[in-house]
Amino acid sequence: QVQLTESGGGLVQPGGSLRLSCAASRTILSFSGMAWHRQAPGKQRELVASMTRDGSTNVADSVKGRFTITRDISNNTVYLHMNGLKVEDTAVYYCYASYGFWGQGTQVTVSS
C-alpha cells in the first residue's frame with residue numbers, strides 16, 4: 001500500500017497564492033514519478049504538473065508561469081506552489097505517484 005496525504009487546500013482570493021503538500025514515504029519520493037492533477041465539477045481530470053524521479057519538471061500550459069512543482073525528500077513531501085490564482089483554478093487537486101497511486105484530493109477554491 002502507498003499512502004499519499006495531501007494538505008494545503010482552502011479558499012483564496014483571485015491573485016492569491018497557496019502551497020499544496022503531498023506527504024509520501026521517502027522510498028516513493030526517491031523512486032517514483034510524481035504529479036499533481038486537478039478536477040473541477042463536471043470536468044475531466046487534467047494533469048497540472050509533473051516531476052520525474054530524477055527531479056525534472058513540467059507544467060501544463062494553463063498554469064505555466066504561475067505553478068511550480070518541487071520536492072523535498074528530507075521532509076518526505078512534494079509541493080505544488082500556486083501563485084496568481086484564478087477563478088478557473090478552482091478544483092479538487094490530487095497528488096499522484098507512479099504507478100497508479102492517488103491521494104485523497106484537496107479542495108482549492110478561488111473566489112472573491
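For reference, positions follow the sequence shown, starting with 1.
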Test of understanding: clusters of I, L, V, M, F, W, Y form through side-chain heavy atoms closer than 4.5 Å, transitively. Do [X] and [Y] belong to the same one?
{"X": "I69", "Y": "V63", "answer": "yes"}
{"X": "M34", "Y": "L18", "answer": "yes"}
{"X": "V92", "Y": "V48", "answer": "no"}

Do [X] and [Y] make a side-chain contact, defined as non-hydrogen atoms from C-beta onward lying under 4.5 Å apart?
{"X": "S111", "Y": "L11", "value": "yes"}
{"X": "M82", "Y": "V108", "value": "yes"}
{"X": "Y96", "Y": "V78", "value": "no"}

Quiz prompt | Stepwise side-chain contact (heavy atoms from CB on, under 4.5 Å) test for F67 and N83 | solution = CA-CA 6 Å; F67 290 13; N83 301 307; over 6 Å; no

Would you say [X]'s side chain and [Y]'s backbone share a donor-acceptor pair under 3.5 angstrom?
{"X": "Q104", "Y": "E6", "value": "yes"}
{"X": "S32", "Y": "S98", "value": "yes"}
{"X": "S30", "Y": "R26", "value": "yes"}
{"X": "D54", "Y": "S56", "value": "yes"}

Quiz item: By the rule that ILVMFWY residues connect when side-chain heavy atoms come within less than 4.5 angstrom, directly or transitively, which residues belong alongside V87?
Solution: none

[atom1]/[X] to [atom2]/[Y] distance, rounded to the nearest 0.5 angstrom?
{"X": "S62", "Y": "E46", "atom1": "OG", "atom2": "CD", "value": "5.0 Å"}
{"X": "T70", "Y": "R19", "atom1": "OG1", "atom2": "CZ", "value": "8.0 Å"}
{"X": "Q44", "Y": "R38", "atom1": "CD", "atom2": "CZ", "value": "14.0 Å"}
{"X": "S21", "Y": "N76", "atom1": "OG", "atom2": "CG", "value": "12.0 Å"}
{"X": "C22", "Y": "L29", "atom1": "SG", "atom2": "CG", "value": "7.5 Å"}

If you take all heavy atoms of [X] and [Y], which pair is closest and at what distance?
{"X": "G84", "Y": "S17", "answer": "N-OG, 4.3 Å"}
{"X": "A49", "Y": "L80", "answer": "CB-CD1, 4.0 Å"}
{"X": "G9", "Y": "L20", "answer": "N-CD2, 3.6 Å"}
{"X": "L4", "Y": "F101", "answer": "CD1-O, 3.5 Å"}
{"X": "A35", "Y": "H37", "answer": "CB-CE1, 3.8 Å"}
{"X": "T77", "Y": "N75", "answer": "OG1-O, 2.7 Å"}

Self-check item: R53, CZ: over 12 other non-hydrogen atoms inside 6.0 angstrom
Solution: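 12 or below, so no.
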
Quiz prompt | Residue list, ring pair (Phe, Tyr, Trp, His ring centres under 6.0 Å) with Y94, at least two apart or on another chain | solution =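 Y94 satisfies ring pair (Phe, Tyr, Trp, His ring centres under 6.0 Å) with no residue once adjacent residues are dropped.
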
Quiz prompt | Residues D61 and K64 bridged, charged N to O under 4.0 Å | solution =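 K64 and D61: salt-bridged.
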
Quiz prompt | Worked check of ring pair (Phe, Tyr, Trp, His ring centres under 6.0 Å) between Y93 and W36 | solution = CA-CA 7 Å; Y93 284 72; W36 288 94; 7.3 Å; no

Quiz prompt | Donor on one side chain, acceptor on other, T90 and E88, under 3.5 Å | solution =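 Side chains of T90 and E88: no pair found under 3.5 Å.
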
